[in-house]
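Here is the structure we will look at.
In what follows, every chain begins at residue 1, and chains take the letters A, B, ... in the order their sequences are listed. FYI, side chains are in, hydrogens and waters are out, and symmetry mates aren't considered; it's all heavy atoms of this structure.
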2 protein chains.
Amino acid sequence: MANQSTQLDHVFGALSDATRRAIVMRLCDGEASVGELAKPFEMALPSLMKHIRILESSGLVTSEKTGRVRMCSLQTEALATVEVWLATQREIWEQRLDRLEMYVEKLKKREKSNVRKRK
Amino acid sequence: MANQSTQLDHVFGALSDATRRAIVMRLCDGEASVGELAKPFEMALPSLMKHIRILESSGLVTSEKTGRVRMCSLQTEALATVEVWLATQREIWEQRLDRLEMYVEKLKKREKSNVRKRK
DNA sequence: ACTATAGTTAGCTTTATGGCTAACCAATCA
DNA sequence: TGATTGGTTAGCCATAAAGCTAACTATAGT
């Protein structure tokens, strides 16, 4: 327990870096080798590898090595995790706004009836 | 330019910490003072204030001080930003999966006709 | 005026992050 | 077998993150 929380930590953390988001975006289009992933960046390979590791440990990416090339692929469930979290928060705040709106409506009505009384 | 990117950096970064997510969740239910926000945590006030600052600089939270109390409120547009980003990625990978499925269907049909030919 | 409340500032520690180079495997290819 | 390619390990550096204490400021309540 208190574990769902650390999973979210890692996923959000992984996505807080532009390089890693770019990698994720690339992988949305399908698998890619480490080399392919590295091409668009002017960054030493080991640095990029670190990013891939972070993406892996967050669960956003998995990889498998065959021969000398390692193929990486997106693990969409991890992204779904954060979508769910966000949707949950949205639900909560929208419910609150709804209540607020109802309350304001009530106030308006009361205001009107007060005006009538004053006439 | 290359600026939308840093906004996402900050929002994702802000959400990568369980304490800050808890604050955001609390604020979904409505405004709260720094003191109120601090209560549930066993953490020195200055530490908590740092989190609030981070949330503010990410755009997730705004605050205003009146008298000696500072009220904080959620800025839902910032959360919407990341929802949009995620939805975009989802769209891309789902399109790819659709194409993949169509491709597999095509293979299946070809397979069938081959079987027929072999008879 | 005095005290308590609500934040704030400053400054310190420890650990994590993001980048680098250099040297090192392990599979292909010629 | 020898060179190339694709990735990996190890170790270094600078900066940022997350926490703390202690001391301070500015309202509000009595």
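Where DNA chain D meets chain B (any atom under 4.0 Å from a heavy atom), the bounding nucleotides read 5' to 3' are dA18(D) to dA28(D).
As a whole-Å value, the separation of Phe12(B) CZ from dT17(C) P is 17 Å. Spacing between atom CG of Asp17(A) and atom P of dT17(C) amounts to 11 Å, rounded to whole angstrom units.
Across residues 27-34 of chain A, not one residue has a non-hydrogen atom less than 4.0 Å from an atom of DNA chain C. Taking a 4.0 Å limit (strictly below) on heavy-atom distances, residues 49-61 of chain B reaches DNA chain D at Lys50(B), His51(B), Ile54(B). Contacts of residues 37-47 of chain B with DNA chain D (heavy atom under 4.0 Å): Met43(B), Ala44(B), Pro46(B), Ser47(B).
In the hydrophobic clustering of this structure, Met25(A) groups with Leu8(B); members are Ile, Leu, Val, Met, Phe, Trp, Tyr whose side-chain heavy atoms approach within less than 4.5 Å, directly or through other members. Met71(B) and Trp93(A) end up in different hydrophobic clusters when Ile, Leu, Val, Met, Phe, Trp and Tyr side chains are linked at under 4.5 Å.
For Arg26(B), the side-chain hydrogen bond (donor to acceptor under 3.5 Å, both in side chains) test picks out no residue, with sequence neighbours left out. Applying the salt bridge (charged side-chain N to carboxylate O under 4.0 Å, His left out) rule to Glu91(A) yields no partners; only residues at least two apart in sequence or on another chain are considered. Applying the salt bridge (charged side-chain N to carboxylate O under 4.0 Å, His left out) rule to Glu56(A) yields no partners; only residues at least two apart in sequence or on another chain are considered. The side-chain hydrogen bond (donor to acceptor under 3.5 Å, both in side chains) test applied to Glu94(A) returns Arg90(A), not counting sequence neighbours. Considering only residues two or more places apart in sequence or on other chains, Glu64(B) meets the salt bridge (charged side-chain N to carboxylate O under 4.0 Å, His left out) condition with none of them.
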Could you list all N or O pairs between the protein and nucleotides 25-30 of chain C that sit under 3.5 Å apart?
residue	atom	partner	partner atom	Å
dA27(C)	N3	Arg68(A)	NH1	3.0

Check residues 27-36 of chain B and write down every donor-acceptor pair under 3.5 Å in which the side-chain atom is one partner and the other belongs to a residue at least two apart or another chain.
residue	atom	partner	partner atom	Å
Ser33(B)	OG	Glu36(B)	N	3.1
Ser33(B)	OG	Glu36(B)	OE2	3.4
Glu36(B)	OE2	Ser33(B)	N	3.2

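Side-chain atoms of Arg21(A) come within 3.5 Å of backbone N or O of Leu15(A) as a donor-acceptor pair.
Side-chain contact between Ile52(A) and Ser63(A): absent, with no pair of heavy atoms (C-beta onward) separated by less than 4.5 Å. The shortest side-chain heavy-atom distance between Ile92(B) and Arg96(B) does not fall under the 4.5 Å cut-off.
Applying the 6.0 Å contact sphere to CD of Glu105(B) captures more than 12 heavy atoms from other residues, nucleotides or ligands.
Among residue pairs with one or both ends in residues 16-43 of chain B, none qualify as ring pair (Phe, Tyr, Trp, His ring centres under 6.0 Å); sequence neighbours excluded.
Ring geometry for Trp85(B) versus Phe12(B): interplanar angle over 60°, hence perpendicular rather than tilted (30 to 60°).
Tyr103(B) contributes atom OH, which lies 15.0 Å from atom CG of Leu97(B) (distance to the nearest 0.5 angstrom).
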